Amino acid sequence: MINVLIFGAPGSGKGTQSARIAQTFGLEHVSTGDILRKEIADQTSLGILAQDYIKEGHLVPDEDVVAMLEHHLEGKLGKVKGFIFDGFPRTIPQADALKRMLARHDCEVSIVLDLNVPEDELIRRLLERGKISGRSDDNLEAIKSRLVVYNSQTLPLKEYFRKEGTLTPINGLGDMDDIFASISEAIDSVL
Ligand code: AMP
């Protein structure tokens with residue numbers, strides 16, 4: 001299996017690029033944000049628990065997100081060509097949990113794409129998206145909180161994956177097709 005992780009701040013373009021990666025490389029797109037938004041729309045017990053965390057720009061607790069992902073991947077691990085994980089892991093305990101989940105099926109993380117975009121551009125993009133996304137967290141207050149959470153809880157993962165030798169920096173500024181071309185080249189190199 002090929003397991004691609006896409007790592008980057010909110011607004012870095014993870015969702016857009018992940019959809020293209022899934023299509024081009026035949027991988028399953030797993031976005032924990034999308035799964036959580038569906039749980040909220042369906043008002044499941046997880047959705048009800050998650051909605052306030054999301055609205056405030058905080059992370060949903062690790063144990064809940066890990067259990068949700070385990071459930072989502074059940075029956076697929078080891079059977080599909082691979083996954084593109086978008087928005088997971090976001091903390092070190094989540095990264096450890098993913099590693100264990102993959103290892104149980106003799107799989108591992110193949111590559112971690114680190115999409116780099118400066119903070120002023122992230123805020124500009126998220127505010128622009130907020131005009132049409134209808135998302136509860138695309139407003140300035142929640143965006144600021146998401147960036148603080150990203151810098152404190154998610155950024156340490158860069159060092160984690162750098163040590164594992166899987167971290168691949170990608171320039172996330174500029175034309176979407178050019179960004180996708182760099183991503184494709186990086187994925188091709190591990191196929
Ligand atoms: P995203 O669509 O990836 O920007 O995620 C939107 C929101 O969903 C985040 O700000 C978090 O509140 C929550 N979320 C998504 N993925 C995770 C995760 N892996 N761990 C904790 N919370 C998450």
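All values below come from the heavy atoms of this structure, side chains included, with hydrogens, waters and symmetry mates left out. As the structure is a computational prediction, the values presented were derived from the model and not from experiment. Both ligands and their constituent atoms are indexed starting at 1 by order of listing.
Within 4.0 Å of ligand 1, contacts by protein heavy atoms are made from Thr32, Gly33, Leu36, Arg37, Ile54, His58, Leu59, Val60, Val65, Gly87, Phe88, Arg90, Gln94, Arg135, Asp137, Arg146.
Here the rule is side chain to side chain donor-acceptor pair (under 3.5 Å) with Asp86, and of Gln17, Lys14, His29 only His29 fits it.
In this structure, Tyr150 and Phe7 have tilted ring planes: the angle between them lies in the 30° to 60° band.
For the atom pair CG (Leu59) and CD (Gln94), the distance works out to 7.0 Å, reported to the nearest 0.5 Å.
With sequence neighbours excluded, the residues that form a salt bridge (charged side-chain N to carboxylate O under 4.0 Å, His left out) with Glu70 are Arg104. For Asp42, the salt bridge (charged side-chain N to carboxylate O under 4.0 Å, His left out) partners two or more places apart in sequence, or in a different chain, are Lys38.
Residue pairs meeting the ring pair (Phe, Tyr, Trp, His ring centres under 6.0 Å) criterion with at least one partner in residues 55-75, sequence neighbours excluded, are absent.
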